[in-house]
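Taking it in order: structure first as C-alpha cells, then the write-up.
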Amino acid sequence: MAQEQNLKDFIIIIPARYGSSRFPGKPLAKICGEEMIVRVCRQASKTGAAVAVATDDDRIAECVDNAGYTAVMTSPDHKSGTDRVYEAFCRLGCPAKVVINVQGDEPFISPSQITALMDCFIDDGSTSLATLVREFDKKNGFDALFDPNLVKVVRAGNGDALYFSRSIIPYVRGVEWKEWLERHTFHTHVGIYAYRADTLAEITSLGRGVLEEAESLEQLRWLENGYRIKTALTDAPTIGIDTPEDLAHAEQWLRNNE
C-alpha cells in the first residue's frame, strides 16, 4: 500500500464537464440525494492524497467548492479528460510527482483501486504510466464480452499492457467460441489512469494515431508512440454511469448495499 510519507507525491484530479451527448449535467446528477461528483471526491479523498476537480462549468465548480473540495476551471475545448487533467495540474502549480485521473462518473470507485495505482510508482522509477484491469467475470456470460463499450486488454508477463481493444482479444484459435471463457482468462480495462507529471506533459502533446482513430481509445496513442503502460489488477467491481438509466441502476445498487 502507498505509504503515508509518499502521499505528497500524488494528486488525484477528477475531470468533470457539464456537456454530454447522452447525459447532460451528469456530474451534478444526484444519487440518493447527493451529487455524483461529490461522491467521487469523497471516495478519492479516502486515500489521503490531494484531490481536485477539473471542470469547464461554474455550476460544477460551485458544487465542488460548497462540498469543501477544490475545483479548477479549465478550457471547454479539451478533446479528452487527460488534456483537462493536465491543464488543471498546471494551474494548481502542484509539486506532486504523479497525477491520478479518476473519472467523474465513477461514484463507487474504491480507494483501494486508487492506491493500487499509487503502488505502481512507489520504488519503481521505470513506471511512467499505469492503469487498472480486472478479470472478466464469467458470471456475466460470454455475450457480455461482445459489448464494444467493455474495453478488453491483453498483458505481458510482467503486467505491462500490450493492447486495448473494443473487440474480444485474444482470439482463442481452435476452440469453439462458447468454450473460450473456460480456456482463457480475459481481462477488461478499468478507465483510471496515473501518469508521472513529465510523462503527462509529453502525452498531451501527441497527435492522434491510427490505432486511436480506429478504436477511439486514447491509451492506444501512448502505446503507438512507444510508452509503457503498467497495469495493476483489481477485483473490485466498478459502476460507471453514462446514461440516466445507469443512474437509476446505481441508485438501486446503493440502496441494496447501504
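Everything numeric here is computed off the predicted structure, so don't read it as measured data.
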Worked check of side chain to side chain contact (heavy atoms under 4.5 Å, CB included) between Ile12 and Ile114: CA-CA 9 Å; Ile12 301 166; Ile114 301 173; 3.8 Å; yes
Salt-bridge contact Glu218-Lys79 (side-chain N to carboxylate O under 4.0 Å): no
Distance (rounded to the nearest 0.5 Å) between Asn225 CG and Leu206 CG: 4.5 Å
Over all atoms of both residues, closest heavy-atom pair of Arg84 and Pro15: CD-CB, 4.2 Å
Worked verdict on His249 versus Leu247 for side chain to side chain contact (heavy atoms under 4.5 Å, CB included): CA-CA 5 Å; His249 294 152; Leu247 180 66; over 6 Å; no
Any side-chain donor near an acceptor of the partner, Asn101 and Tyr195, under 3.5 Å: yes
Basic-acidic side-chain contact under 4.0 Å: Glu212, Arg208: yes
Side-chain H-bond candidate by donor/acceptor type, Ser126 with Arg228, under 3.5 Å: yes
Any side-chain heavy-atom pair of Ser165 and Val151 under 4.5 Å: no
pair Tyr163-Gln219: side-chain heavy atoms closer than 4.5 Å: no
Atom pair OG1/CG of Thr70 and Leu92 - distance to nearest 0.5 Å: 7.5 Å
Same cluster (ILVMFWY, side-chain, under 4.5 Å), Phe146 and Val175: yes
Ile13 vs Val51 side-chain heavy atoms within contact, under 4.5 Å: no
Phe10 side chain reached by Ile100 side chain, heavy atoms, under 4.5 Å: yes
Heavy atoms of other groups near Asn158 CG, more than 12 under 6.0 Å: yes
Polar side-chain atom of Arg134 near backbone of Ala236 as donor-acceptor pair, under 3.5 Å: yes
pair Asn6-Met118: side-chain heavy atoms closer than 4.5 Å: no
Tyr18 backbone acceptor or donor facing Lys26 side chain under 3.5 Å: no
hydrophobic_cluster_shared for Val154 and Tyr171, side chain cutoff 4.5 Å: no
Linked, directly or transitively: Leu200 and Ile229 (ILVMFWY side chains, under 4.5 Å): yes
Any pair counted as ring-ring contact (aromatic ring centres under 6.0 Å, His included), so long as it reaches residues 58-108, sequence neighbours left out: Phe108-Trp253
Shortest non-hydrogen separation from Gly141 to Leu181 and the atoms involved: C-CD1, 4.0 Å
Flag, side chain of Lys230 to backbone of Leu129, donor-acceptor distance under 3.5 Å: no
Phe136 ring center within less than 6.0 Å of Trp180 ring center: no
Arg196 to Phe121 six-membered ring, cation-pi geometry met (6.0 Å, 45°): no
Hydrophobic cluster identity match, Val64 and Met73, side-chain contacts under 4.5 Å: no
Verdict with supporting geometry, Phe164 and Leu223, side chain to side chain contact (heavy atoms under 4.5 Å, CB included): CA-CA 9 Å; Phe164 300 83; Leu223 288 179; 3.9 Å; yes
Neighbour count >12 (heavy atoms, 6.0 Å) for atom NZ, Lys138: yes
Validation row: Ile60, Asp58 side chains within 4.5 angstrom (heavy atoms): no
Under the side chain to side chain donor-acceptor pair (under 3.5 Å) test, residues paired with Gln252 that sit two or more places apart: Asn256
Heavy-atom pair with the smallest gap, counting every atom of Val53 and Cys41: CG2-SG, 3.4 Å
Thr55 side-chain N/O to Ala16 backbone N/O, donor-acceptor pair under 3.5 Å: yes
Ile241 and Pro107, any side-chain heavy atoms less than 4.5 Å apart: yes
Heavy-atom neighbours of Glu34 CD exceed 12 at 6.0 Å: yes
Heavy-atom closest contact (Ile14 atom, Ala44 atom, distance): CD1-CB, 4.4 Å
Evaluation steps, salt bridge (charged side-chain N to carboxylate O under 4.0 Å, His left out), between Glu87 and Arg91: CA-CA 6 Å; Glu87 183 189 352; Arg91 286 184 176 275; 2.8 Å; yes
Straight-line distance of Ile109 CD1 to Arg42 CZ, nearest 0.5 Å: 14.0 Å
Rounded distance [0.5 Å steps], CZ in Arg166 versus OG in Ser216: 5.5 Å
Any donor-acceptor N/O pair, Asp147 side chain to Ala144 backbone, under 3.5 Å: no
Glu62 (side chain) donor-acceptor with Arg59 (main chain) under 3.5 angstrom: no
Salt bridge present between Arg17 and Asp56 (N-O < 4.0 angstrom): no
Audit row: Ile31, Arg39, side chain to side chain contact (heavy atoms under 4.5 Å, CB included) steps and yes/no: CA-CA 9 Å; Ile31 302 175; Arg39 285 185 172 272; 3.9 Å; yes
Pairwise distance CG(Asn149) to OG1(Thr188) - rounded to 0.5 angstrom: 12.5 Å
Least distance between heavy atoms, Cys32 atom then Glu251 atom: N-OE2, 2.8 Å
Residue list, side chain to side chain donor-acceptor pair (under 3.5 Å) with Thr231, at least two apart or on another chain: Arg155
Polar side-chain atom of Ser80 near backbone of Asp83 as donor-acceptor pair, under 3.5 Å: yes
His184, NE2: over 12 other non-hydrogen atoms inside 6.0 angstrom: yes
ILVMFWY cluster, Val85 and Ile192 together (side-chain gap under 4.5 Å): no
Straight-line distance of Leu117 CG to Thr47 OG1, nearest 0.5 Å: 11.0 Å
Any side-chain heavy-atom pair of Gln43 and Pro111 under 4.5 Å: yes
Minimal non-hydrogen separation, Ala96 against Ala197, with atom names: O-CB, 4.1 Å
